[in-house]
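So that the names make sense, note that chain A is the first sequence line, chain B the second, and so on, each numbered from 1. Note that the coordinates shown come from a computational prediction; the quantities given were computed from them, not determined experimentally.
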Amino acid sequence: MIRLGLCCIFHDEPIRFRQTTAASLKKMPRREQLQKLSTICLANLLSLSEALEWVTAHEVGAFRVLSPLFPRFTHPDVGYHLNELPDHTAIITQCKKIRARRQESDIRLSLHPDQFNVLSSPHSEVVKNTISELEYQGMLAECIGADVINIHGGGVYGDKALALGRLRDNFALLSDRVQSRLTLENDDRSYSPADLIPVCDDMGIPFVYDVHHHRCLPDGLSITNATTECLRCWKTAGREPFFHISTSRDGYDSSKPQAHSDYINVKDFPEEWLGLDATVDVEAKAKELAVLKLKKDLGLLGEDMV
DNA sequence: GCATGTCAAGTTGTG
DNA sequence: CACAACTTGACATGC
């Protein structure tokens, strides 16, 4: 059975995640910084609990956790460790509760580090920062029980093969808790499924197939081909396959094909995916409303929810 | 109170 | 050559 995933935030539901900036933290003494960060980390974990309750109640099987759940964790000036935070004990307790709840309800949690994480970069400083951020995500994944840390191929720098070679070399520098969760996803301008699937095979990690990006950046593969390859990667790993879906706001022949629309047009959902045991993250601006609508349009609602 | 500019970070393609 | 887009909203500031 297909499980749909909600990405990061809610549209109508009053579940909110807090943030702070390095600039504002720098204006206060360290003690105050840590107090503020502590309050936000704990509040975000409580919000994550609420999010788990919501997806469980609505039979949505997956949730993508926003990267800065612990804001500015790896920042060179204001970064911190959890054991420095005044609410350290409560934070650890809350993480434990989240892991238990996630397991009990069989909710799949994932992380999607943002665009600054580039394992293929030729710049050592960029790679160093990426590794530090991915290690943070690995720690976070362990804390909350997430099994996927999904990134893109990054830049091309005029030579895809060289760039992917660097990505592979840098992957070897990551800890096991990151390596065992890392996945590569095709993007909308540089790396297509055909580019990444061989690299994933080579590195022994699964491929996350984004059909919207594939429609923006087609290669020789059909949707059926790419789906089959994706399924094969995940089967080798003995894990549930992972897809992304979104609907182009202005259409694929427009000047901004990659822009997301509020809801998913059910016609954009590949028929190849129907009936699979797989996770499909719904990238749509209307967030939980779009997930529920797609569920309904696909005929996935349980009797009691129609 | 509310409007608005800013937020650590990379890379690419567009106007 | 500057700037938006990427998965994208919340915070901080100033009126």
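- The pair A:Asp201-A:Arg232 meets the salt-bridge criterion, since a charged nitrogen lies less than 4.0 angstrom from a carboxylate oxygen.
- In this structure, of B:dC7, B:dG10, C:dT7, it is C:dT7 that holds the atom nearest to the side chain of A:His213.
- Separating the P atom of C:dA5 from that of B:dA3 is a span of 22 Å, rounded to the nearest Å.
- Of the P atoms belonging to B:dT4 and C:dT8, the separation is 23 Å, rounded to the nearest Å.
- Side chains of A:Arg166 and A:Val127 form no contact here, defined as non-hydrogen atoms less than 4.5 Å apart.
- Comparing atom distances between the A:Ala23 side chain and each of B:dC7, C:dT7, C:dC11 picks out B:dC7 as nearest.
- Comparing B:dG5 with C:dC3, their C1' atoms are spaced 16 Å from each other, to the whole Å.
- Listed candidates were B:dT11, C:dT7, B:dA8. Nearest to the side chain of A:Glu133 is B:dA8.
- When each of A:Gln35, A:Met28, A:Lys36 is paired with A:Glu32, the side-chain contact (heavy atoms from CB on, under 4.5 Å) condition holds for A:Met28 and for no other.
- The side chain of A:Thr21 lies closest to C:dA12, out of C:dA10, B:dT12, C:dA12.
- Of the residues A:Glu240, A:His244, A:Arg64, the one that meets the side-chain hydrogen bond (donor to acceptor under 3.5 Å, both in side chains) test with A:Thr279 is A:Glu240.
- Other residues, nucleotides and ligands contribute more than 12 heavy atoms inside 6.0 Å of the CD atom of A:Glu104.
- Side-chain atoms of A:Thr20 lie closest to C:dA12 of the nucleotides B:dA9, C:dA10, C:dA12.
- Within residues 61-82 of chain A, the residues approaching DNA chain B are A:Arg72, A:Thr74, A:His75, A:Pro76, by heavy-atom distance under 4.0 Å.
- Classification of A:Glu288 and A:Lys295 as a salt-bridged pair fails, no side-chain N sitting under 4.0 Å from a carboxylate O.
- At least one test fails for A:Arg108 against the ring of A:Phe242: distance under 6.0 Å to the centre or angle within 45° of the axis.
- Here A:Phe116 does not lie in a stacked arrangement on the base of B:dG10, lacking the combination of planes under 30° and ring centres under 5.5 Å apart.
- Residue A:Gln115 is classed as a base contact, given a heavy-atom separation below 4.0 Å to a base.
- Residue A:His152 has its side chain nearest to C:dT7 when only C:dT7, C:dG9, B:dT12 are considered.
- For A:Ser24 and C:dA12, the shortest distance from a side-chain N or O to OP1 or OP2 is below 4.0 Å.
- Straight-line distance between the P atoms of C:dT7 and B:dT6: roughly 24 Å, to the nearest whole Å.
- In this structure, CD1 of A:Ile40 is placed 12 Å from C1' of C:dA12, rounded to the nearest angstrom.
- Ring to ring, A:His212 and A:Tyr252 are close: their centroids are under 6.0 angstrom apart.
- Comparing B:dA8 with C:dC1, their P atoms are spaced 28 Å from each other, to the whole Å.
- Each of C:dA12, C:dT7, B:dT11 was ranked by its minimum atom distance to the side chain of A:Val126; first place goes to B:dT11.
- Backbone-only contact: A:Gln258 has heavy atoms under 4.0 Å from sugar-phosphate atoms and none from a base.
- Of the two residues near DNA chain C, A:Phe17 and A:Cys8, the one whose nearest nucleotide lies more 5' is A:Cys8.
- Among the heavy atoms of the strands, none lies under 4.0 Å from A:His244.
- Nucleic acid contact for A:Lys36: sugar-phosphate only, since backbone atoms but no base atoms lie under 4.0 Å from a heavy atom of the residue.
- Within the 4.0 angstrom heavy-atom criterion, base atoms lie near A:Asp114.
- A:Phe73 places none of its side-chain heavy atoms less than 4.5 Å from the side chain of A:Glu135.
- For A:Arg101 and A:Glu53, the salt-bridge test passes: some basic side-chain N is under 4.0 Å from an acidic carboxylate O.
- The distance between atom CG of A:Asp195 and atom P of B:dT12, rounded to the nearest whole Å, is 14 Å.
- In this structure, of B:dA8, C:dC6, C:dT7, it is C:dC6 that holds the atom nearest to the side chain of A:Ala259.
- At whole-Å resolution of the value, CG in A:Asp250 and P in C:dA5 are 11 Å apart.
- Only at 4.0 angstrom or more do the heavy atoms of residues 27-35 of chain A sit from any atom of DNA chain B, so none qualifies.
- At a threshold of 4.5 Å between side-chain heavy atoms, the hydrophobic network of Ile, Leu, Val, Met, Phe, Trp and Tyr places A:Val78 and A:Ile40 in two separate groups.
- With B:dT12, C:dC11, B:dA8 as the choices, the nucleotide that has an atom nearest any side-chain atom of A:Arg18 turns out to be C:dC11.
- Counting atom types as modelled, A:Arg189 pairs a side-chain N or O with a base atom of C:dA5 as donor and acceptor under 3.5 Å.
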